[in-house]
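Before any comments, here is the structure.
So you know, we letter chains A, B, ... as the sequences are listed, proteins then strands, and number each from 1.
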2 protein chains.
Amino acid sequence: MITSQMLKGILEGCILAVISQKESYGYEISQKLSEYGFGSISEGTIYPLLLRLEKNSRIIPAYRQSGSGPPRKYYSITPQGAAELESFISGYRELSSAVDRLFSEMEAEK
Amino acid sequence: MITSQMLKGILEGCILAVISQKESYGYEISQKLSEYGFGSISEGTIYPLLLRLEKNSRIIPAYRQSGSGPPRKYYSITPQGAAELESFISGYRELSSAVDRLFSEMEAEK
DNA sequence: CACCTCTATTTTGCATTGCAATATAGTAAG
DNA sequence: CTTACTATATTGCAATGCAAAATAGAGGTG
């Protein structure tokens, strides 16, 4: 199981990654993350995070009507957001490599 | 750069992994993590985390004298700690797979 | 002796961030 | 009218990494 603590610091970058592919809105992003295998990300997590990214100019919103339900708030990534995404990706790869080294040494020990 | 937020929820499992290989103490663990590539983990992070793990019976301490400096507090892993480590590893692999899927789709998009 | 460096642990208080719970609201089916 | 699905926002809480400071032993330098 993916614990909520493990998502910290990862989720923000992943949401930037989703938006960088194609503009999207909160509800759709949470569905996509679920499809990727992140598990169910709650509304209380996703909306405050999007508002924070918007406030820090990592993404910009555009309201559009929807055929089924209230209007959607589509976000697209800004140059600053793209820069942060790149920095997140390199940081994640660094961490991932470190964990892999640790795990493989641990496996060898057995 | 590995941000402090990215370490949340990862670090605890990694410290359990280090201890599972061989009993160790705070100062040595922080050096090992640095060697693995986690960057410099501060004392304010490592010692409270070890005390928490000890309190929850994931590890047990044993004081031993050291030739150079104050006595060391060696920790070894308990059965509960080993169980939590396994659960952490499987959760981490889940998360890692999800991120990989997301990244590879993002790369393909370019 | 005084001072510095390295080893080693502990504690306090703070900042970040995921989440449950709740509120609000539009569309459509029964 | 009720239920269900879509869609966003807010409040308050819990978990955890970290800076900073205190304490302490051993060895070397001036």
Side-chain angles (χ1 to χ4, degrees), chain A residues 1-16 19 23-34 38-56 58-59 61-75 84 88 91 95 98, chain B residues 1-16 19 23-34 38-56 58-59 61-75 84 88 91 95 98:
Chain A
M1 209 202 97
I2 300 177
T3 66
S4 66
Q5 287 303 321
M6 279 194 231
L7 286 173
K8 295 209 175 178
I10 304 286
L11 199 53
E12 183 180 306
C14 291
I15 285 178
L16 279 178
I19 294 174
E23 58 164 18
S24 190
Y25 51 97
Y27 192 81
E28 188 184 48
I29 292 169
S30 81
Q31 288 180 316
K32 281 191 184 173
L33 290 175
S34 180
F38 286 88
S40 171
I41 311 293
S42 89
E43 304 143 13
T45 298
I46 207 137
Y47 290 109
L49 199 161
L50 287 170
L51 291 172
R52 197 165 65 234
L53 287 172
E54 178 187 341
K55 197 176 159 194
N56 296 326
R58 263 61 179 181
I59 55 179
Y63 287 93
R64 305 226 188 109
Q65 292 303 317
S66 156
S68 61
R72 293 170 183 159
K73 196 171 175 184
Y74 281 87
Y75 287 104
E84 189 169 287
F88 163 72
L95 178 62
Chain B
M1 209 202 98
I2 299 177
T3 67
S4 67
Q5 287 303 322
M6 280 195 237
L7 286 173
K8 294 205 177 182
I10 304 287
L11 199 53
E12 183 180 306
C14 291
I15 285 178
L16 278 178
I19 295 175
E23 59 164 19
S24 189
Y25 52 96
Y27 192 81
E28 188 184 48
I29 292 168
S30 82
Q31 289 180 316
K32 281 191 184 174
L33 290 175
S34 180
F38 285 89
S40 171
I41 311 292
S42 89
E43 303 143 16
T45 298
I46 207 135
Y47 290 108
L49 199 161
L50 287 170
L51 291 173
R52 196 165 66 234
L53 287 172
E54 177 187 342
K55 197 175 159 195
N56 297 325
R58 263 61 180 180
I59 55 179
Y63 287 93
R64 305 228 188 105
Q65 292 304 317
S66 156
S68 61
R72 295 170 182 160
K73 197 172 175 184
Y74 281 86
Y75 288 105
E84 188 168 288
F88 162 73
L95 178 61

Mapping A/Lys8 and B/Tyr75 to their closest nucleotides on DNA chain C, which lands nearer the 5' end?
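It is B/Tyr75 whose nearest nucleotide is closer to the 5' end.
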Contact nearer the 5' end of DNA chain C, comparing B/Ile46 with B/Gln31:
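Closest to the 5' end, via its nearest nucleotide, is B/Gln31.
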[X] side, atom [atom1]; [Y] side, atom [atom2] - distance, nearest 0.5 Å:
X: A/Ile41; Y: A/Ile46; atom1: CD1; atom2: CD1; answer: 6.5 Å
X: B/Tyr47; Y: B/Ser30; atom1: OH; atom2: OG; answer: 6.5 Å
X: A/Leu50; Y: A/Leu16; atom1: CG; atom2: CG; answer: 9.0 Å
X: A/Gln5; Y: B/Gln5; atom1: CD; atom2: CD; answer: 9.0 Å
X: B/Ile10; Y: B/Ile2; atom1: CD1; atom2: CD1; answer: 10.5 Å

For [X], give me all partners under side-chain hydrogen bond (donor to acceptor under 3.5 Å, both in side chains), at least two apart in sequence or on another chain.
X: A/Tyr25; answer: A/Arg72
X: B/Glu54; answer: B/Lys73, B/Tyr75
X: A/Arg64; answer: A/Glu23

Give me the bend of the helix from C/dC1-D/dG30 to C/dG30-D/dC1, using the axes of the five pairs at each end, rounded to 10°.
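Here the helix ends are tilted 10° relative to one another.
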Which nucleotides of nucleotides 20-30 of chain C have their base under 4.0 Å from a protein heavy atom (B), which only their sugar-phosphate (S), and which neither (-), written as one string 5' to 3'?
BBB--BBS---
Assess the residue pair A/Ile15 and A/Leu33 against the criterion (side-chain contact (heavy atoms from CB on, under 4.5 Å)); give the C-alpha distance rounded to whole Å, side-chain angles, the decisive distance to 0.1 Å, and a yes or no.
CA-CA 8 Å; A/Ile15 285 178; A/Leu33 290 175; 4.0 Å; yes
Give the rounded distance in Å between these two atoms: [atom1] of [X] and [atom2] of [N].
X: B/Gln5; N: C/dC14; atom1: CD; atom2: P; result: 17 Å
X: B/Leu49; N: C/dT10; atom1: CG; atom2: C1'; result: 14 Å
X: A/Leu51; N: C/dT16; atom1: CG; atom2: C1'; result: 16 Å
X: B/Lys32; N: C/dT7; atom1: NZ; atom2: P; result: 15 Å
X: B/Ile10; N: C/dT17; atom1: CD1; atom2: C1'; result: 15 Å
X: B/Tyr27; N: C/dT10; atom1: OH; atom2: P; result: 15 Å

Looking at A/Glu12 and A/Arg52, does any basic side-chain N land under 4.0 Å from a carboxylate oxygen?
yes
Output yes when at least one side-chain N/O atom of [X] is less than 4.0 Å from OP1 or OP2 of [N], else no.
X: A/Arg52; N: C/dT17; answer: yes
X: B/Tyr25; N: C/dA8; answer: yes
X: B/Tyr47; N: C/dT9; answer: yes

Looking at every strand, decide which applies to [X] at a 4.0 Å heavy-atom threshold: base, sugar-phosphate, or nothing.
X: B/Tyr63; result: sugar-phosphate
X: B/Lys73; result: sugar-phosphate
X: B/Ile41; result: sugar-phosphate
X: B/Leu50; result: nothing

For the residue pair A/Phe38 and A/Cys14, what are the closest heavy atoms and their distance?
CZ-SG, 3.7 Å
Going 5' to 3' along DNA chain D, which nucleotides are the first and last within contact of chain A (any atom under 4.0 Å from a heavy atom)?
D/dT6 to D/dT16
